[in-house]
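All figures in this text were calculated on a predicted structure; none of them were measured in a lab. In this chain, residues are counted from 1 in sequence order.
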Amino acid sequence: MSYLALIAAFVASVLLTPLVKKLAYRVGAVDRPNYRKVHAKIMPRLGGLAIFLAFLIGVLIYRPENDAMIPILIASFIIILTGVLDDMLEISAKSKFLGQTIAAAIVIFFGDIQLASINLPFGGELDFGYLSIPLTLIWIVGITNAINLIDGLDGLAAGVSTIALLTLAAMAFIMNDVFVLMMALILAASSFGFLFYNFHPAKIFMGDTGALFLGFIISVLALLGFKNVTFVSLIIPIIMLGVPISDTFFAIVRRLLNKQPPFQPDKSHLHHRLLSIGFTHRQTVLIIYGIAAMFGLAAIIFSMAKLWGAILLGIILLLVIELFVEVIGLAGSKYRPLLNLVKKK
């Protein structure tokens, strides 16, 4: 039954995407070119609806026995509704944030999905207490929006999300968590099927419907997979989602350094910087896939390392990220602390 669910999700995504494309044109869910967009013609969005329906078909076939499943599905409907409204009407950021917050609250209170406590590396436990709810909310909303922020090139968000989901599935397999394993694989199959139409040159965009849904489910599955964990293993989902998290973090740094609002849109994200260096659209996407795969592999190695090995790996990874960010100018051309330090020596 599990294999059938994966095959069904993939096939459903491949078959439903052309239908959703026609629907997008009919309801006016289209993406028009502007100074921040890479595409030069009107494109249908709403593709995330095909991913969601394919995921739903896979879940219904698999029939998981988990108390959190119903709250996750109800919250997903709210996320999808929020995304569909934005793809059709371009609703305000406050309205999108409200939809995300309601969805997050449903899984927190009714699905009992919370970051309650962590075991400290040198003994003892840190209980978050009343902070567990706001911390969980920040995580879910943060990752949901991080996936949305990298959705700037054909196939980018879908591919990076698929890699993150496969990494999450591998981690769940290691931890013998069948529910997270199957949910991650079903969503990965749905996302991969959509990539047949979304990879460059794209025939349809996933829109906010897809980016918000993928980000939301990934954030929730990561919490389920690493619930009540050690301090070291808490870092694993952060490494696994290294591309969207680092891109979002350095976007905020860049805007603050330029004295701009931290969440003001710009054209200096990771994919924009790689394009400006001279890489083609397809090359840029494949490079970021490679970076996402590197983060995924690092997360798996990190999970199997001893404490000091994990700390050393974390330090090396941070140094590599920092050097890469400075070389391509992701945080702005003036942000070069590590390179300036090397030059002085």
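- Other residues, nucleotides and ligands place more than 12 heavy atoms under 6.0 Å from the OH atom of Tyr289.
- No continuous path of hydrophobic side-chain contacts links Ile138 to Phe109 [ILVMFWY only; heavy atoms under 4.5 Å].
- A donor-acceptor pair is defined here as one N or O able to donate and one able to accept, closer than 3.5 Å; such a pair exists between the side chain of Thr209 and the backbone of Gly83.
- Rounding to the nearest 0.5 Å places CD1 of Ile300 at 9.5 Å from CG of Leu166.
- Within a 6.0 Å radius of OH in Tyr25, other residues, nucleotides and ligands contribute more than 12 heavy atoms.
- A continuous path of Ile, Leu, Val, Met, Phe, Trp and Tyr side chains, each step under 4.5 Å between heavy atoms, connects Leu98 with Ile79, placing both in one hydrophobic cluster.
- Ring centroids of Phe196 and Phe10 are separated by less than 6.0 Å, placing the two rings close together.
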Pair His200-Val285, side-chain contact (heavy atoms from CB on, under 4.5 Å): steps then yes or no: CA-CA 9 Å; His200 186 70; Val285 172; 5.7 Å; no
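- With Thr167 contributing its side chain and Ile163 its backbone, the two residues share a donor-acceptor pair below 3.5 Å.
- Note on Ile316: it does not cluster hydrophobically with Val243, by side-chain heavy-atom contacts below 4.5 Å among ILVMFWY residues.
- At a threshold of 4.5 Å between non-hydrogen side-chain atoms, the residues Leu137 and Ile108 count as touching.
- The main-chain N or O of Ala24 is never found under 3.5 Å from a side-chain atom of Arg45 such that the two would form a donor-acceptor pair.
- The shortest side-chain heavy-atom distance between Ile143 and Ile245 falls under the 4.5 Å cut-off.
- With hydrophobic clusters built from ILVMFWY side chains whose heavy atoms lie under 4.5 angstrom apart, Val178 shares a cluster with Leu165.
- Of all non-hydrogen atoms in Ala12 and Ile57, the two that sit nearest each other are CB-CD1, 3.7 Å.
- Separating the CZ atom in Phe324 from the CZ atom in Arg273 is a distance of 10.5 Å, to the nearest 0.5 Å.
- One finds the CG atom of Asp208 at 4.0 Å from the CG atom of Asp86 (value rounded to the nearest 0.5 Å).
- Looking at every heavy atom in both residues, Thr162 comes nearest to Ala158 through OG1-O, 2.7 Å.
- Here the closest non-hydrogen pair linking Ile204 and Pro44 is CG1-O, 3.4 Å.
- Here the side chains of Pro64 and Val59 are in contact, with some heavy-atom distance below 4.5 Å.
- Screening Phe213, Phe194, Phe216 for a ring pair (Phe, Tyr, Trp, His ring centres under 6.0 Å) with Phe52, the sole residue that qualifies is Phe213.
- Of all non-hydrogen atoms in Ala75 and Val107, the two that sit nearest each other are CB-CG1, 3.7 Å.
- The structure places OG1 of Thr144 at 9.0 Å from CD1 of Ile218, a figure rounded to the nearest 0.5 Å.
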Pair Leu168-Leu181, side-chain contact (heavy atoms from CB on, under 4.5 Å): steps then yes or no: CA-CA 7 Å; Leu168 188 57; Leu181 169 66; over 6 Å; no
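- With respect to Leu214, the side-chain contact (heavy atoms from CB on, under 4.5 Å) criterion is satisfied by exactly one of Ser219, Ser190, Ser161: Ser161.
- Within the 3.5 Å criterion, the main-chain N or O of Pro201 finds no donor-acceptor partner in the side chain of Asp154.
- The shortest side-chain heavy-atom distance between Glu65 and Phe179 does not fall under the 4.5 Å cut-off.
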Trace of the side-chain contact (heavy atoms from CB on, under 4.5 Å) decision for Met183 with Met69: CA-CA 10 Å; Met183 291 303 99; Met69 193 69 248; 3.8 Å; yes
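- Rounding to the nearest 0.5 Å places CD1 of Ile51 at 6.0 Å from OG of Ser13.
- The environment of CZ in Phe199 is crowded: more than 12 heavy-atom neighbours from other residues, nucleotides or ligands sit within 6.0 Å.
- Side-chain atoms of Asn145 come within 3.5 Å of backbone atoms of Val141 as a donor-acceptor pair (strictly under, hydrogens ignored).
- When all heavy atoms of Ala50 and Thr17 are compared, the pair lying nearest together is CB-OG1, 3.5 Å.
- Between Phe295 and Ile321 there is a side-chain heavy-atom pair separated by less than 4.5 Å.
- Salt-bridge annotation for Lys96 and Glu90: absent, with no side-chain N of the basic residue lying under 4.0 Å from a carboxylate O of the acidic one.
- Side-chain contact between Pro244 and Val160 is present, with heavy atoms from C-beta onward closer than 4.5 Å.
- Counting only distance, with no hydrogens or angles, the side chain of Gln283 and the backbone of Thr280 share a donor-acceptor pair below 3.5 Å.
- Residues Ser132 and Gln114 have side chains that bring a donor and an acceptor to within less than 3.5 angstrom of each other.
- Connection of Ile74 to Leu85 is established within a shared hydrophobic cluster, with ILVMFWY side chains joined at heavy-atom distances below 4.5 Å, either directly or through further cluster members.
- Looking at heavy atoms from C-beta onward, Val30 lies out of side-chain contact with Asp87 at the 4.5 angstrom threshold.
- Using modelled atom types, no side-chain atom of Asn148 and backbone atom of Leu212 make a donor-acceptor pair closer than 3.5 Å.
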Verdict with reasoning, Leu274 to His271, per side-chain contact (heavy atoms from CB on, under 4.5 Å): CA-CA 5 Å; Leu274 291 173; His271 55 277; 5.8 Å; no
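- Here the side chains of Met182 and Leu6 are in contact, with some heavy-atom distance below 4.5 Å.
- Ala29 approaches Leu46 most closely through the heavy-atom pair CB-CB, 4.2 Å.
- If you take CD1 on Ile147 and CG on Leu156, they are separated by 9.5 Å, rounding to the nearest 0.5 Å.
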